[in-house]
Amino acid sequence: MEARARRKVFFKDKVFEVVRKIPKGETKTYKEVASLAGFGGAARAVGAVLRTNYDLAIPCHRVIKSDGTLGGYNRGPNAKRALLEKENGL
DNA sequence: CATTTGACGCCAA
DNA sequence: TTTGGCGCCAAAT
């Protein structure tokens, strides 16, 4: 298929889609998102995409590391933690 | 077009 | 338990 430019947006598109599907109050790991996106071991790539494509329509702050740590956030880990606690009802 | 970096993950010491 | 290093993938420069 015309997977030329298609594939280029395949990864990003999937990541955005998956992250956007994350319900409020729930947090997912980059590994999980990558896996659901179909790229399993592309945890880094997931963060790279979210980093460059930070969109307010995408709850990228709900995506954390598999260790349970928040990881990072384009707006600052501070805002990320605040949002997570708030969405979790804390 | 090729190289480097990067919001990660997991194993070893 | 904590710190360090290596590996994986895609994007950005």
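Proteins come first, then strands; the chains are lettered A, B, ... in the order of their sequence lines, and each starts at number 1.
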Engineer: Walk me through whether A:His61 and A:Leu70 qualify under side-chain contact (heavy atoms from CB on, under 4.5 Å).
Structural biologist: CA-CA 8 Å; A:His61 57 260; A:Leu70 298 173; over 6 Å; no
Engineer: Does any non-hydrogen side-chain atom of A:Asn74 lie less than 4.5 Å from one of A:Arg51?
Structural biologist: no
Engineer: Could you list where the contact with chain A starts and ends along DNA chain B, reading 5' to 3', using a 4.0 Å heavy-atom cut-off?
Structural biologist: B:dG6 to B:dC10
Engineer: Please name the pair of heavy atoms, one in A:Ala43 and one in A:Ala34, separated by the smallest distance, quoted to 0.1 Å.
Structural biologist: N-CB, 3.9 Å
Engineer: Does any N or O in the side chain of A:Lys31 come within less than 3.5 Å of the main-chain N or O of A:Lys65, such that one atom is a donor and the other an acceptor?
Structural biologist: no
Engineer: Starting from the C-alpha separation in whole Å, work towards a yes-or-no answer on side-chain contact (heavy atoms from CB on, under 4.5 Å) for A:Tyr73 and A:Cys60.
Structural biologist: CA-CA 8 Å; A:Tyr73 195 50; A:Cys60 39; 3.6 Å; yes
Engineer: Using side-chain contact (heavy atoms from CB on, under 4.5 Å) as the criterion, point out the one residue from A:Val46, A:Val19, A:Val33 that pairs with A:Lys28.
Structural biologist: A:Val33
Engineer: Linking directly or through intermediates, with side-chain heavy atoms under 4.5 Å: list the remaining ILVMFWY members grouped with A:Leu56, chain and number order.
Structural biologist: none
Engineer: List the steps, then state whether side-chain contact (heavy atoms from CB on, under 4.5 Å) holds for A:Glu32 with A:Thr29.
Structural biologist: CA-CA 5 Å; A:Glu32 289 289 282; A:Thr29 69; 3.0 Å; yes
Engineer: Identify all pairs in which a protein N or O lies below 3.5 Å from an N or O of nucleotides 7-9 of chain C, and state each distance.
Structural biologist:
unit_1: C:dG7; atom_1: O6; unit_2: A:Arg44; atom_2: NH1; d: 2.5
unit_1: C:dG7; atom_1: N1; unit_2: A:Arg44; atom_2: NH1; d: 3.0

Engineer: Can you list, by residue number, the residues of residues 63-74 of chain A that have a non-hydrogen atom closer than 4.0 angstrom to DNA chain C?
Structural biologist: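 Those residues whose heavy atoms fall under 4.0 Å from DNA chain C, taken from residues 63-74 of chain A, amount to none.
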Engineer: How close or far is atom C1' of C:dA11 from atom NZ of A:Lys14, stated in whole angstroms?
Structural biologist: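 Taking atom C1' of C:dA11 as the reference, NZ of A:Lys14 is at 17 Å.
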Engineer: Flag the pair A:Ile64 / A:Thr69 as yes when at least one side-chain heavy-atom distance between them is below 4.5 Å, and no otherwise.
Structural biologist: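 Contact flag for A:Ile64/A:Thr69 side chains = no.
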Engineer: Given the rule that a pair is Watson-Crick or G-U wobble with both distances under 3.5 Å, how would you write DNA chain B in dot-bracket, using | for pairs to a different strand?
Structural biologist: .|||||.||||||
Engineer: For the atom pair OH (A:Tyr54) and CZ (A:Arg75), what is the distance rounded to the nearest 0.5 Å?
Structural biologist: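 It is 10.5 Å, given to the nearest 0.5 Å.
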Engineer: Would you give the length of the straight line joining atom CZ of A:Phe16 to atom CZ of A:Phe11, rounded to the nearest 0.5 angstrom?
Structural biologist: 10.0 Å
Engineer: Would a 4.5 Å heavy-atom cut-off, applied to side chains only, mark A:Val15 and A:Lys12 as touching?
Structural biologist: no
Engineer: Is a salt bridge present between A:Glu87 and A:Arg62, judged by a nitrogen-to-oxygen distance below 4.0 Å?
Structural biologist: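 Between A:Arg62 and A:Glu87 there is a salt bridge, with a charged N closer than 4.0 Å to a carboxylate O.
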Engineer: Please check if the number of heavy atoms outside A:Asp67 that lie under 6.0 Å from its CG is greater than 12.
Structural biologist: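 Yes, because the 6.0 Å sphere around CG of A:Asp67 holds more than 12 heavy atoms from other groups.
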Engineer: What are the residues of residues 77-90 of chain A, sorted by number, that bring a heavy atom to within less than 4.0 Å of DNA chain C?
Structural biologist: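 Listed by number, there are none.
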Engineer: Quick check: does any side chain N or O of A:Asn88 sit under 3.5 Å from a backbone N or O of A:Leu84, one acting as donor and the other as acceptor?
Structural biologist: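 Looks like yes, one N/O pair under 3.5 Å.
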